[in-house]
Structures are given as structure tokens and as C-alpha cells.
Amino acid sequence: MVFNYPKPIDLCQFLINLYPKKNIIVLDFFAGSGTTGHAVLDMNKKDEGNRQFILCQLNEKTDTTPNGIAYDVTSKRLKRVMTGECYDGTKSFKWAEENTPYGGNLDVYEIATVHNSNNIEGQTPFDVIDETLYGREKFTTLREKVDWVCGNFAHTQKWIDDNDWLDKHKLEG
């Protein structure tokens, strides 16, 4: 599928370069044709960076995208620029005729619903957070976990006064 107004790769790269580190995670909530992912892969190849990307796309289905945009456009484009071929093995992609594939891995997930809380009796929000998903070993105390969450997610979470919160919930650190 050809988009009438895709985001230019150069514009995405300019914006990504506003943050000069080469090991960031770039998030695009309006992935469309996958230009942001393509831009990240291209930048990594050029400067040996280790950027990653997370692309989100409402999987709109149309006459030209019967499986939805995420499957029929976004993931197909990224698969082609990474491997030089599509899922079905075809290599009829103009970009691949003139470029060397970037390599890498692509995971595609379909999320039907997202729950914003876990209401299991006796569990706190801190019990639900799995630090191993962030490359950490399991904490031995709740106090360690509270310190880690508050210190690393300060921009998205309100700082919790450990003692007040722990006392209020009658938990030991």
C-alpha cells in the first residue's frame, strides 16, 4: 500500500537525533507505514547505534488492508527492510533492489485490551511490578523496590514517601 503523505525518513531521523544518544528506545504511537522504525534501523546501520523502537498502530481494516494496517503495511515494510523479503518470501520491494537489508528482529503483538490495574486481594501495585522485565534481579525487600520504582520512574509516578506509604499499608520494608 502507498500512503499519500508518509512521514519522511529524514524528518524522523532529524527528530530522533535531537536526543544524541545511540541506545535509546523510540516510541511512535502513530506508526502508519513504519517510517519511524525504518528511520531507526537506518540510523543504527549508519552510526552503529543500538536504538530500539516500539511502534503502535490501530489496526484499521480497509479494502486495501483487509488484515489491517499493522499487518498489511507496517510489519511488512519493516520485515522487508530488515531481511530483504516479505513474510511470503517475495522480494518485490524497490528499496531492497537498491539497499542492503538492515538485519535485526521484529516482534509483532496484537493487544485487544489493556488493564490499568491489578486488583488481586492482598497485593499492592508494587507486587505487580516485575523488575526482572527491566533486567533487574528480584528485590529482597519492598523498600528496595519502592526506592527503585520511585527513582527510575519519577517522571511518570508520584514520589512516595517510603515510611508513610509502608506504614499506611502496614508493610515491612
Side-chain angles (χ1 to χ4, degrees), residues 1-118 128-139 145 148-149 151-157:
M1 169 175 214
V2 176
F3 278 79
N4 292 332
Y5 302 101
K7 295 176 275 203
I9 289 176
D10 291 342
L11 174 61
C12 290
Q13 290 177 339
F14 171 79
L15 294 172
I16 294 166
N17 270 324
L18 292 174
Y19 192 81
K21 293 191 177 185
K22 296 180 185 181
N23 64 342
I24 61 173
I25 298 174
V26 178
L27 176 61
D28 183 351
F29 277 108
F30 301 95
S33 67
T35 303
T36 301
H38 190 156
V40 167
L41 292 166
D42 187 63
M43 291 173 73
N44 285 342
K45 184 170 184 170
K46 288 178 180 173
D47 66 11
E48 297 181 359
N50 190 29
R51 297 170 196 87
Q52 298 176 44
F53 56 86
I54 299 172
L55 306 181
C56 303
Q57 178 60 45
L58 181 62
N59 201 30
E60 300 123 327
K61 295 180 181 181
T62 68
D63 292 339
T64 56
T65 60
N67 299 307
I69 262 181
Y71 291 112
D72 291 337
V73 180
T74 315
S75 65
K76 283 185 177 182
R77 175 188 187 169
L78 295 171
K79 173 75 170 167
R80 288 175 175 149
V81 299
M82 293 170 98
T83 66
E85 62 183 50
C86 197
Y87 293 105
D88 63 4
T90 59
K91 298 180 181 184
S92 59
F93 185 47
K94 183 136 180 84
W95 181 90
E97 295 171 10
E98 302 169 5
N99 297 278
T100 303
Y102 298 127
N105 296 311
L106 178 64
D107 292 326
V108 178
Y109 299 97
E110 185 170 330
I111 302 171
T113 60
V114 177
H115 298 280
N116 65 359
S117 65
N118 186 352
V128 176
I129 298 169
D130 183 358
E131 58 270 28
T132 63
L133 296 175
Y134 298 89
R136 301 288 314 221
E137 294 289 326
K138 283 280 190 190
F139 292 106
K145 188 179 251 187
W148 176 76
V149 168
N152 288 284
F153 301 97
H155 298 292
T156 59
Q157 302 291 324

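Just so it is clear, the values below take in all heavy atoms, side chains as well, and ignore hydrogens, waters and symmetry mates.
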Checklist line | By side chain to side chain donor-acceptor pair (under 3.5 Å) - contacts of Arg80 (at least two apart) | finding: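 Checked Arg80 against side chain to side chain donor-acceptor pair (under 3.5 Å); zero matches.
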Please check if the number of heavy atoms outside [X] that lie under 6.0 Å from its [atom1] is greater than 12.
X	atom1	answer
Lys138	NZ	yes
Asp63	CG	no
Tyr87	OH	yes
Glu98	CD	yes
Glu137	CD	no

So how far is it from [X] [atom1] to [Y] [atom2], rounded to the nearest 0.5 Å?
X	Y	atom1	atom2	answer
Lys46	Leu41	NZ	CG	12.0 Å
Ile69	Lys76	CD1	NZ	12.5 Å
Ile25	Gln52	CD1	CD	5.0 Å
Leu55	Phe29	CG	CZ	10.5 Å
Arg77	Trp95	CZ	CH2	10.0 Å
Thr62	Asp72	OG1	CG	8.0 Å

Next item on the list: Provide the full list of side chain to side chain donor-acceptor pair (under 3.5 Å) pairs with a residue in residues 11-25, sequence neighbours left out, each pair given once.
Entry: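 Only Gln13-Asp42 qualify under side chain to side chain donor-acceptor pair (under 3.5 Å).
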Notebook entry, point to check: Can you tell which of Leu78, Leu27, Ile16 makes a side-chain contact (heavy atoms from CB on, under 4.5 Å) with Phe53?
Noted result: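 By the side-chain contact (heavy atoms from CB on, under 4.5 Å) criterion, Phe53 pairs with just one of Leu78, Leu27, Ile16: Leu78.
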Checklist line | Pairwise side-chain contact, Leu106 with Val108, heavy-atom cut-off 4.5 Å (strictly under) | finding: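 A side-chain contact under 4.5 Å exists here.
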Notebook entry, point to check: Are any of the side-chain heavy atoms of Thr100 and Lys45 separated by less than 4.5 Å?
Noted result: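 Thr100 vs Lys45: side chains touch.
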Hey, does the side chain of [X] reach the backbone of [Y] with a donor-acceptor pair shorter than 3.5 angstrom?
X	Y	value
Ser75	Ala70	yes
Thr83	Lys79	yes
Asn59	Asn67	yes
Glu131	Arg136	no
Glu85	Lys91	no

Can you give me the closest heavy-atom contact between [X] and [Y], atom names plus distance?
X	Y	answer
Pro101	Met82	CB-O, 3.4 Å
Lys7	Cys12	CB-SG, 4.2 Å
Thr74	Ala31	CG2-CB, 4.1 Å

Next item on the list: Just do the side chain to side chain contact (heavy atoms under 4.5 Å, CB included) check on Phe93 and Val81 with the steps written out, would you?
Entry: CA-CA 9 Å; Phe93 185 47; Val81 299; 3.7 Å; yes
Notebook entry, point to check: Do the rings of Trp148 and Phe139 sit parallel, tilted or perpendicular, given the 30° and 60° boundaries?
Noted result: tilted
Checklist line | Geometric class of the His38/Tyr102 ring pair [parallel <30°, tilted 30-60°, perpendicular >60°] | finding: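 Perpendicular: the ring planes of Tyr102 and His38 meet at over 60°.
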